[in-house]
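For reference, the structure is listed below as structure tokens.
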Amino acid sequence: MPQTKQPGNAPLRLDRETVAGLPARSAQAHKGDFGHVLVVGGDLGTGGAVLLSAEAALRCGAGLVSVATRPEHVAAGLARLPEVMCLGVSSANQLVSVLERASVLVVGPGLGQAAWGRSLLSAVANADQPQVWDADALNLLARTPLALPSGSILTPHPGEAARLLGISTEAVQADRPGAARKLARRYASVCVLKGAGSLVADPSGRLALCERGHPAMAGAGLGDVLTGVLGALLAQGQDAWRAACLGVWLHACAGERLGVEGRGLAASDLAPVIRELLEEHSACQA
């Protein structure tokens with residue numbers, strides 16, 4: 001077990017030695033062995049967010065990836081990611097069959113806060129699978145209390161964390177460890193508090209700190225990539241704590257590796273580098 005105990009309340013520092021890896025794959029492995037990630041989101045005008053999450057899930061080894069988004073986005077989704085099963089949904093009723101087939105749900109990227117997004121989030125919240133909630137799923141959660149299934153992960157940035165806790169963003173930043181732990185307890189889920197020095201907290205009070213990353217990562221869409229990574233790791237059998245720690249570390253290290261090239265880092269640049277880092281850390285074949 002690579003993750004060691006930390007003294008007192010000091011956070012575990014995430015590095016190559018402390019994050020758990022994925023096991024090597026059997027020569028007889030097939031796609032059904034590595035889970036089915038469903039990404040739900042992408043309202044009109046924000047369809048790219050679900051594609052970033054879906055691509056990240058593919059590149060991190062999920063066996064199957066589906067996207068449920070606005071029907072208007074299906075053609076673009078299939079053109080960009082032919083490996084992904086892309087479903088156009090106009091209402092939550094159309095989600096039922098694909099929800100039943102998925103093993104992990106990712107909800108929030110580009111979801112919006114209008115009626116369409118609210119109805120889809122309600123359907124997802126009633127499902128039993130482990131889930132990753134991000135972006136507008138968190139903003140809607142702040143307005144309408146919902147219970148998350150066991151084994152789920154929240155990924156707020158400081159503004160979203162502030163809305164969930166009913167405090168100011170400045171108060172969150174003044175005590176980031178306290179905010180992360182409080183969110184993890186409140187929602188009985190692992191919480192990833194994003195930002196410089198991302199934190200991972202679980203309901204028992206366990207805390208991990210990621211000191212990797214680069215200022216070039218300050219841009220749109222990088223959080224959508226992280227949600228896809230976390231979904232893929234959950235789909236491959238990691239529990240929420242291990243998935244969050246490994247995913248946050250991989251994401252930050254990828255940004256650091258690319259950040260040496262300077263400004264202009266695009267979120268879509270990260271997925272292939274995260275794939276390389278995951279292979280360096282946990283080889284696919286023994």
Side-chain angles (χ1 to χ4, degrees), residues 19-23 25 29-42 49-69 77 81 83-87 89 92 95-111 120-138 141 146-156 184 187-192 200 202 223-248 250-251 271 274-275 278 282:
V19 295
L22 294 174
R25 295 187 172 186
H30 60 85
K31 63 188 177 185
D33 294 332
F34 306 111
H36 182 174
V37 176
L38 170 63
V39 185
V40 180
V50 285
L51 298 183
L52 289 168
S53 294
E55 182 177 10
L58 279 171
R59 294 299 187 179
C60 280
L64 294 160
V65 179
S66 293
V67 165
T69 188
L81 294 173
E83 305 90 348
V84 168
M85 294 170 282
C86 205
L87 173 68
V89 294
L95 266 183
V96 174
S97 61
V98 70
L99 282 174
E100 292 171 350
R101 296 195 303 269
S103 55
V104 173
L105 308 178
V106 171
V107 61
L111 184 69
L120 268 57
L121 181 63
S122 178
V124 170
N126 286 321
D128 295 329
Q129 299 95 322
Q131 302 178 12
V132 183
W133 285 37
D134 185 34
D136 277 325
L138 301 176
L141 180 62
L146 295 165
L148 278 71
S150 175
S152 295
I153 303 174
L154 305 174
T155 63
Y187 294 102
S189 300
V190 168
C191 174
V192 174
V200 181
D202 76 359
D224 301 320
V225 172
L226 177 60
T227 61
V229 172
L230 298 176
L233 296 176
L234 288 174
Q236 291 171 89
Q238 287 199 318
D239 64 31
W241 171 259
R242 291 182 178 88
C245 289
L246 176 58
V248 165
L250 287 169
H251 184 262
I274 291 172
R275 183 188 182 202
L278 182 57
S282 303

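Scope of the values below: all heavy atoms of this structure, side chains included, with no hydrogens, waters or symmetry mates.
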Would you please test Leu141 and Leu148 for side chain to side chain contact (heavy atoms under 4.5 Å, CB included) and show each step? CA-CA 10 Å; Leu141 180 62; Leu148 278 71; 4.2 Å; yes

State, to 0.1 Å, how close Gly151 and Ala240 come at their nearest heavy-atom pair, and which atoms those are. O-CB, 3.6 Å

Nearest heavy-atom approach of Ser53 to Val39 is CB-CG1, 3.8 Å

Determine, stepwise, if the pair Leu120 / Val107 fulfils side chain to side chain contact (heavy atoms under 4.5 Å, CB included). CA-CA 9 Å; Leu120 268 57; Val107 61; 6.0 Å; no

How long is the gap from NE2 on His251 to CG on Leu226, to the nearest 0.5 Å? 5.0 Å

Heavy-atom pair of closest approach, residues Cys245 and Val200: SG-CG1, 4.2 Å

Do you know the tightest heavy-atom contact between Gly61 and Phe34? O-CB, 3.7 Å

Val50 versus Gly42, closest heavy-atom pair with distance: CG1-N, 3.5 Å

With side chain to side chain contact (heavy atoms under 4.5 Å, CB included) as the criterion, how do Val89 and Val98 come out once you've worked through the C-alpha distance, each side chain's angles and the decisive distance to 0.1 Å? CA-CA 11 Å; Val89 294; Val98 70; over 6 Å; no

Do the side chain of Gln131 and the main chain of Val124 share a donor and acceptor less than 3.5 angstrom apart? yes

Can you find a pair of side-chain heavy atoms, one from Arg59 and one from Ile274, that are under 4.5 Å apart? no

Would you mind telling me which of Leu111, Leu138, Val106, Ile153 makes a side chain to side chain contact (heavy atoms under 4.5 Å, CB included) with Trp133? Leu138

Ignoring hydrogens and angles, tell me if any N or O in the side chain of Asp33 forms a donor-acceptor pair with the backbone of His30 under 3.5 Å. yes

Keeping Thr69 on the side-chain end and Val67 on the backbone end, is there a donor-acceptor pair under 3.5 Å? no

Non-hydrogen side-chain atoms of Pro149 and Asp128 separated by less than 4.5 Å: no

List the residues meeting side-chain contact (heavy atoms from CB on, under 4.5 Å) with Cys191, not counting sequence neighbours, and say none if there are none. Pro156, Leu183, Ala184

Distance-minimising heavy-atom pair for Ala49 and Gly110: CB-N, 3.5 Å

Is there a donor in the side chain of Thr155 and an acceptor in the side chain of Thr227, or the other way round, less than 3.5 Å apart? no

Just list the side-chain donor-acceptor pairs under 3.5 Å for residues 230-239, sequence neighbours left out, or say none.
| from | atom 1 | to | atom 2 | distance (Å) |
| --- | --- | --- | --- | --- |
| Gln236 | OE1 | Arg25 | NH2 | 3.0 |
| Gln236 | NE2 | Cys60 | O | 2.7 |
| Gln236 | NE2 | Ala232 | O | 3.0 |
| Gln238 | NE2 | Gly21 | O | 3.4 |
| Asp239 | OD1 | Trp241 | N | 3.2 |
| Asp239 | OD1 | Arg242 | N | 2.8 |
| Asp239 | OD2 | Arg242 | NH1 | 2.4 |

Working for side chain to side chain contact (heavy atoms under 4.5 Å, CB included), residues Ser103 and His36: CA-CA 5 Å; Ser103 55; His36 182 174; 4.1 Å; yes

Just how far is it from atom CG of Leu22 to atom CG of Leu246, taken to the nearest 0.5 Å? 6.0 Å

So how far is it from Leu81 CG to Cys86 SG, rounded to the nearest 0.5 Å? 8.5 Å

Gap between atom OG of Ser122 and atom CG of Leu95 - 0.5 Å precision: 10.5 Å

Using atom types as modelled and distance alone, determine if a side-chain donor or acceptor of Gln129 lies under 3.5 Å from a backbone N or O of Ala102. yes

